Peer 1: 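Below are the C-alpha cells for one structure; questions will follow.
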Amino acid sequence: MSTASSRLLRIDASARTDGSHSRRLGDLVEAQWLRANPHGERVRRELTRGAPPHIAEATIQGFYTPPGQLTPALREATSLSDALVAELRAADTLLIASPMYNYGPPSALKAWVDQIVRVGHTFLYDAQGPRGLLQTRLVVLALVSGVPGTLGSAVDFLSPHLESVFKFMGVQRVATLHVDGTSGPADHVEAAMAAAERDAHTLFA
Ligand SMILES: Cc1cc2nc3c(=O)[nH]c(=O)nc-3n(C[C@H](O)[C@H](O)[C@H](O)COP(=O)(O)O)c2cc1C
C-alpha cells in the first residue's frame with residue numbers, strides 16, 4: 001500500500017469514447033491502482049480531445065538550445081513539451097490505454113511521445129551514451145487490438161515501441177497488458193478482459 005503522495009497519470013489514445021475497449025481496459029487498471037492507493041491523485045489526459053501537435057522544426061531547435069539561449073519563439077515552440085514533461089514527471093505511475101492502429105500507435109499517441117522524449121529533460125547523452133532521466137516507478141501499457149493474435153506477434157509495432165521508449169528514458173518497470181480480438185466474438189473479448197484484470201490485480205501489490 002503506498003502513500004498519499006502517489007500520483008497516477010493516465011493517457012487515453014483511442015479516437016473512440018463509446019464502446020472503447022482500451023478505455024475499458026484502462027478503467028480496470030485504474031481501479032486496481034485506486035484500491036492500492038485510495039488517497040492517491042489521478043490526472044487524466046485524453047489525447048484525442050486535444051492531440052498534441054506534431055513536433056516542428058522550431059520545436060526540435062528549441063529542444064537542442066540551452067535554456068538560457070531560448071528566444072521567445074523557441075520558448076513558445078517548446079512550451080507544450082515543457083507542460084507535458086512536467087505532467088509526466090509529477091506522476092510516479094503512468095498508465096497508457098491505447099489501441100493498435102495500423103500495427104502501431106495512434107498518431108495522437110506518437111505525437112505525445114515525440115513531445116516527451118526530450119534531451120536534458122527525460123534523457124541525456126554523456127560519455128557512456130544515452131541515459132534515461134525519468135523517475136517514473138511503473139509504466140502500465142493497457143493495449144488492445146481488433147485482430148486476434150496481433151499483439152505480441154511479429155507485426156506488433158505498438159508494444160515494443162512504447163516499451164523501448166520508456167526503457168530509453170530510464171523506467172525500470174514497464175508492464176504490458178494485452179486484449180486482442182476486440183473485433184471478434186464478445187465471449188473472446190470478455191475472457192481476454194478477465195485475464196487482463198487478473199494480471200492488473202498483481203501490478204500494485
Ligand atoms: C484506424 C484503425 C486502425 C486499426 N488497425 C488495426 C491493426 O493494425 N491491427 C489490429 O489488430 N486492429 C486494428 N484496428 C482495430 C482496433 O485496434 C480495435 O478496434 C480496438 O478495439 C480499438 O480500440 P478502442 O476499442 O479503444 O477504440 C484498427 C482500428 C482502427 C480504427
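None of these values were measured; they are calculated from a predicted model. Both counts, for ligands and for their atoms, begin at 1 and track the order of listing.
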Peer 1: Against heavy atoms of Val144, which atoms of ligand 1 measure under 4.0 Å?
Peer 2: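 Answer for ligand 1: 17 (O), 20 (C), 21 (O), 23 (O).
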Peer 1: Is Arg23 in polar range of ligand 1, meaning some N or O pair under 3.5 Å apart?
Peer 2: no
Peer 1: For Asp199, is there any backbone N or O sitting under 3.5 Å from a side-chain donor or acceptor partner on Thr202?
Peer 2: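 Here the side-chain-to-backbone pair exists.
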Peer 1: If every non-hydrogen atom of Ser145 is compared with every non-hydrogen atom of Met100, which pair is closest and at what distance?
Peer 2: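 So the two residues come closest at CB-CB, 3.9 Å.
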Peer 1: So if I count the atoms of ligand 1 from 1 in the order they appear, which ones are less than 4.0 Å from some heavy atom of Ser20?
Peer 2: 24 (P), 25 (O), 26 (O), 27 (O)
Peer 1: Is Gly146 close to ligand 1, meaning an N/O of one under 3.5 Å from an N/O of the other?
Peer 2: yes
Peer 1: With Glu30, which of Arg35, Arg42, Arg24 fulfils salt bridge (Lys or Arg N to Asp or Glu O under 4.0 Å)?
Peer 2: Arg42
Peer 1: Which residue owns the protein heavy atom closest to atom 23 (O) of ligand 1, what's the atom, and how far is it?
Peer 2: Pro99 CB, 3.1 Å
Peer 1: Please state which protein non-hydrogen atom is closest to atom 8 (O) of ligand 1 and give its distance, to 0.1 Å?
Peer 2: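 Going by distance alone, atom 8 (O) of ligand 1 is nearest to Tyr103 N, 2.8 Å.
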Peer 1: Starting from atom 11 (O) of ligand 1, locate the nearest protein heavy atom and write down its residue, its atom name and how far away it is, to 0.1 Å.
Peer 2: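 Nearest protein contact, heavy atoms only, for atom 11 (O) of ligand 1 is Val147 N, 2.9 Å.
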Peer 1: With rounding to the nearest 0.5 angstrom, report the NE2 to OG1 distance, His121 to Thr78.
Peer 2: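 Rounded to the nearest 0.5 Å, the NE2-OG1 separation comes to 7.5 Å.
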Peer 1: Among all protein heavy atoms in this structure, tell me which lies nearest to atom 27 (O) of ligand 1, with the distance rounded to 0.1 Å.
Peer 2: Ser14 OG, 2.7 Å
Peer 1: Quick test of your reading of the model: are Asp18 and Arg16 salt-bridged, counting only N-O distances below 4.0 Å?
Peer 2: no
Peer 1: How far is atom 28 (C) of ligand 1 from its nearest protein heavy atom, and which residue and atom is that?
Peer 2: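 Result for atom 28 (C) of ligand 1: Met100 O, 3.6 Å.
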Peer 1: Taking all heavy atoms of Ala200 and all of Val29, pick out the closest pair and write down the distance.
Peer 2: CB-CG2, 4.2 Å
Peer 1: Using a 3.5 Å cut-off on N or O atoms only, is Asn102 in polar contact with ligand 1?
Peer 2: yes
Peer 1: What pair of heavy atoms forms the shortest contact from Ile116 to Thr122, and how long is it?
Peer 2: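 Closest heavy-atom pair between Ile116 and Thr122: O-OG1, 2.7 Å.
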Peer 1: Could you find the nearest protein heavy atom to atom 21 (O) of ligand 1 and give me its residue, atom name and distance?
Peer 2: Thr182 OG1, 2.7 Å
Peer 1: Write out the residue and atom name of the closest protein heavy atom to atom 2 (C) of ligand 1, then the distance separating them to 0.1 Å.
Peer 2: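 The answer is Tyr101 CD2, 3.5 Å.
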Peer 1: When you check the gap from the basic side-chain N to the acidic O, do Asp114 and Lys110 get nearer than 4.0 Å?
Peer 2: yes
